[in-house]
Amino acid sequence: MDNVFQRVYEITARIPYGRVTTYGQIARLLGNPRLSRIVGCALNRAPADLPCHRVVNRLGGLSDAFSPLGKESQRLLLEMEGVPFRLDGGVDLTACMWYGEEE
DNA sequence: AGTATGACATAGC
DNA sequence: AGCTATGCCATAC
């Protein structure tokens, strides 16, 4: 499918282990920086096998409606992958921000 | 076919 | 410095 959703899934699936990215960044990779909301909507309907826990907002904070598990689970998942967290509970984007294809 | 909504982002107050 | 309001594009109803 050429749907934007599918595109989002592809990009999200390409996020390296122990790395995170933002909705805006993904949207930028899609070609339209304004698609940030679409990215969120896509992840909302994303399949369970999608590592959506590696996607955070530009503040590095997790979404309020990440999944039924809650953002706390997401935080644990990221910590488990070696992603450093800040004191405010946000991800240290300065160290783990994924800027696109760098595999 | 039109309206409403959204896991964001940016600007203004 | 923190909160409110608006923009923006695609999907769902």
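Numbers restart at 1 for each chain; the letters A, B, ... are given by sequence-line order, proteins then strands.
- The distance between atom CG of A:Leu43 and atom P of C:dC9, rounded to the nearest whole Å, is 19 Å.
- The side chain of A:Leu35 lies closest to C:dA10, out of C:dC8, B:dA7, C:dA10.
- The side chain of A:Ile38 lies closest to C:dA10 when the candidates are B:dA9, B:dA7, C:dA10.
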Exercise for review: Show your working on salt bridge (Lys or Arg N to Asp or Glu O under 4.0 Å) between A:Glu81 and A:Arg19 and close with a plain yes or no.
Suggested key: CA-CA 8 Å; A:Glu81 294 192 357; A:Arg19 210 64 70 85; over 6 Å; no
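- A:Asn57 places a side-chain N or O within 3.5 Å of a backbone atom of A:Gly60 that can act as its donor or acceptor partner.
- Atom CZ in A:Phe5 sits about 11 Å away from atom C1' in B:dA7, given to the nearest Å.
- Distance, A:Asn3 CG to C:dT11 C1': 9 Å, rounded to whole Å.
- In the set C:dG7, C:dA10, B:dA7, the nucleotide with an atom closest to the side chain of A:Cys52 is B:dA7.
- The interatomic distance linking A:Arg28 (CZ) with C:dC8 (P) rounds to 17 Å, in whole Å.
- Put simply, the side chain of A:Arg37 and the base of C:dG7 share a donor and an acceptor less than 3.5 Å apart.
- Side-chain atoms of A:Ser63 and A:Tyr23 form a donor-acceptor pair, as typed in the model, at a separation below 3.5 Å.
- Phosphate contact (OP1/OP2 of B:dT10, side-chain N/O of A:Arg58, threshold under 4.0 Å): present.
- Heavy atoms of A:Asn44 sit under 4.0 angstrom from at least one base atom.
- For A:Leu30 and C:dC9, the CG to C1' distance is 11 Å, given to the nearest whole Å.
- Taking atom CG of A:Asn32 as the reference point, atom P of B:dA9 lies 15 Å away to the nearest angstrom.
- Put simply, CG on A:Leu59 is 13 Å from C1' on C:dC3, counting in whole angstrom units.
- Checking C:dA12, C:dC8, B:dA9 against every side-chain atom of A:Arg34, the shortest atom distance belongs to C:dC8.
- Residues A:Val20 and A:Met97 share a hydrophobic cluster, clusters being chains of Ile/Leu/Val/Met/Phe/Trp/Tyr side chains in contact below 4.5 Å.
- Rounded to whole Å, the distance from CG on A:Leu29 to P on C:dC9 is 18 Å.
- Note that OH of A:Tyr99 is 12.0 Å distant from CG of A:Leu29, once rounded to the nearest 0.5 Å.
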